[in-house]
Amino acid sequence: MKRIRRSMLFLPGANAAMLSTSFVYKPDSIMFDLEDAVSIKEKDSARLLVAQALQLPIYRESGIETVVRINALTTPFGLHDLEAVVRAGVDVVRLPMTNCAHDIHQLEDEVTRIEKSCGREVGSTKLMAAVESALGVVNAVAIAQSSPRLIGIALAAFDYLVDMQTERGDGTELFYARCAVLHAARVAKIDAFDVVYANVNDDEGFLKEVNLAKKLGFNGKSLINPRQIELLHNAYAPTLAEFEYAKKVVEAAEEGEQAGLGVISLNGKMIDAPIIARAVTTIELAKYSGIRREI
């Protein structure tokens, strides 16, 4: 089954307490941040803390995916970050400020070298591209198709909006970038992650943005506060009506297959492969999120 990635919780790499307890919030992915959330003087200590956290058995036992946002490879810290986290067994490395496919190729080459040197299976470390500039958005399709290791592409709003000489508003300012990144992900058949919603005290605004991201087709969203996880998961959960319909679709598809039917229908309407695939996804989401609760 394809991994569900609704929530990706950012954690500052220098915060030892959060690194050792964050699994209790049960996000789908935890992203240990060694870049923007860590000051220059804390880079080395944060790297050590994250490497130790990655080796905690609880992360493997809980099934939570571990992601590390390293510093850019053009900085004095990036390669040291990469060496530490790949050797520690990170699931996914997130590359900040990905502007072109070459950035991912360079990262992949370094990861392969480290895997070989430490005995880790080559290809087991997955990658994620963070698009944070106008150039990255324009090159999104090439980035998304740049490596078989790439599991997702994430849009990061702050630097992108600075680059575009604008600021956060009603969402209009991000619409093109969201669509470009999402289309690139679908072309490459990888996941797409929406931007962080920074105002953690504005649940109404957060849910409005979550519903927009979901309607557009994003697999999930980056988060900066654990209290947003339950709200996000509930918003992505199917309604009871959606769940019941999905079960009927799957049952009809199974019956049709057993009967050797070329055309499958439900309530007089044809059921094709995309509808069946959507129904399977809906059922899987219900297993993780339950049935949506009204808030």
So, [X] side chain and [Y] main chain: donor-acceptor pair closer than 3.5 Å or not?
| X | Y | result |
| --- | --- | --- |
| Glu108 | Ile104 | no |
| Gln55 | Ala51 | yes |
| Glu173 | Gly171 | yes |
| Asn139 | Ala142 | no |
| Arg186 | Ile190 | yes |
| Asn234 | Arg293 | yes |
| Asp28 | Arg6 | yes |
| Asp103 | Asn99 | yes |
| Ser289 | Ala286 | no |

Which hydrophobic side chains are connected to [X], either touching it within the sub-4.5 Å cutoff or through other members that do?
| X | answer |
| --- | --- |
| Val162 | Phe158 |
| Met8 | Phe10, Met31, Val67, Val92, Met128, Ile151, Phe193, Val196, Val200, Ile224 |
| Phe77 | Ile40 |

All side-chain contact (heavy atoms from CB on, under 4.5 Å) counterparts of [X], not counting sequence neighbours:
| X | answer |
| --- | --- |
| Asn211 | Ala235 |
| His105 | Ala101, Ser146 |
| Lys215 | none |
| Glu209 | Arg168, Arg178, Asp194, Val195, Tyr197, Lys221 |

Please enumerate all residues that pass salt bridge (Lys or Arg N to Asp or Glu O under 4.0 Å) together with [X], with sequence neighbours excluded.
| X | value |
| --- | --- |
| Glu65 | Arg3, Arg5 |
| Glu83 | Arg87, Arg113 |
| Asp44 | Arg47 |
| Lys287 | Glu284 |

**Item:** With Val111, the side-chain contact (heavy atoms from CB on, under 4.5 Å) member among Asp109, Leu107, Ile114
**Value:**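 Answer to the side-chain contact (heavy atoms from CB on, under 4.5 Å) test with Val111 among Asp109, Leu107, Ile114: Leu107.
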**Prompt:** Can you tell which of Thr75, Asp33, Leu79, Asp81 makes a side-chain contact (heavy atoms from CB on, under 4.5 Å) with Ile70?
**Reply:**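 With Ile70 as partner, side-chain contact (heavy atoms from CB on, under 4.5 Å) holds for just one option, Asp81.
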Flag yes if [X] and [Y] sit in one hydrophobic cluster, no otherwise; membership is Ile, Leu, Val, Met, Phe, Trp, Tyr, and two members link when side-chain heavy atoms are under 4.5 Å apart.
| X | Y | result |
| --- | --- | --- |
| Val138 | Leu182 | no |
| Leu73 | Val38 | no |
| Leu212 | Leu161 | yes |
| Leu11 | Leu48 | no |
| Leu155 | Leu216 | yes |

**Request:** Go through the steps to decide whether Leu34 and Arg69 satisfy the test side-chain contact (heavy atoms from CB on, under 4.5 Å), and finish with yes or no.
**Result:** CA-CA 6 Å; Leu34 294 175; Arg69 179 166 70 173; over 6 Å; no
**Request:** May I ask you to check whether over 12 heavy atoms, not counting those of Met18, lie within 6.0 Å of atom CE?
**Result:**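 Counting other residues, nucleotides and ligands, CE of Met18 exceeds 12 neighbours.
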**Asked** Counting heavy atoms not belonging to Lys26, are there more than 12 under 6.0 Å from its NZ?
**Response**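 12 or below, so no.
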Where is the tightest heavy-atom contact between [X] and [Y], given as atom of each residue plus distance?
| X | Y | answer |
| --- | --- | --- |
| Ala140 | Ile153 | O-CD1, 4.1 Å |
| Ile64 | Pro27 | CG1-O, 3.6 Å |
| Ile30 | Ser22 | CD1-OG, 3.2 Å |
| Glu242 | Pro238 | OE1-CA, 3.3 Å |
| Leu49 | Ala14 | CD1-O, 3.8 Å |
| Asp163 | Ala134 | OD2-N, 2.8 Å |

Can you see whether [X] engages [Y] through a side-chain donor-acceptor pair at a distance of less than 3.5 angstrom?
| X | Y | result |
| --- | --- | --- |
| Thr112 | Glu115 | no |
| Asp91 | Thr66 | yes |
| Thr125 | Arg120 | yes |

Can you tell me how far [atom2] of [Y] sits from [atom1] of [X], rounded to the nearest 0.5 angstrom?
| X | Y | atom1 | atom2 | answer |
| --- | --- | --- | --- | --- |
| Gln106 | Thr98 | CD | OG1 | 11.0 Å |
| Ser124 | Arg149 | OG | CZ | 7.0 Å |
| Lys214 | Leu207 | NZ | CG | 11.0 Å |

**Request:** Applying side-chain contact (heavy atoms from CB on, under 4.5 Å), run through Thr282 and Tyr245 and close with a yes or a no.
**Result:** CA-CA 9 Å; Thr282 298; Tyr245 177 72; over 6 Å; no
**Message:** So that I know where these two stand, are Phe218 and Tyr236 an aromatic pair - ring centroids less than 6.0 Å apart?
**Reply:**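 No - the distance between ring centres of Phe218 and Tyr236 does not fall below the 6.0 Å cut-off.
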**Request:** Applying side-chain contact (heavy atoms from CB on, under 4.5 Å), run through Val85 and Val50 and close with a yes or a no.
**Result:** CA-CA 7 Å; Val85 302; Val50 168; 4.3 Å; yes
**Request:** Would you check, one step at a time, whether the test salt bridge (charged side-chain N to carboxylate O under 4.0 Å, His left out) holds for Lys247 with Glu244?
**Result:** CA-CA 5 Å; Lys247 288 198 300 181; Glu244 294 294 342; 3.6 Å; yes
Which pairs would a plain distance check flag for residues 253-277, meaning a side-chain donor or acceptor within less than 3.5 Å of a matching protein atom at least two apart in sequence or in another chain?
from: Asp272; atom 1: OD1; to: Ile275; atom 2: N; distance (Å): 3.3

**Item:** Check against side-chain contact (heavy atoms from CB on, under 4.5 Å), Arg94 and Val68
**Value:** CA-CA 6 Å; Arg94 173 165 163 155; Val68 174; over 6 Å; no
**Message:** Counting C-beta onward and ignoring hydrogens, is there a side-chain heavy-atom pair between Phe206 and Leu231 closer than 4.5 Å?
**Reply:**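 When only atoms from C-beta onward are counted, Leu231 and Phe206 do touch, with a gap below 4.5 Å.
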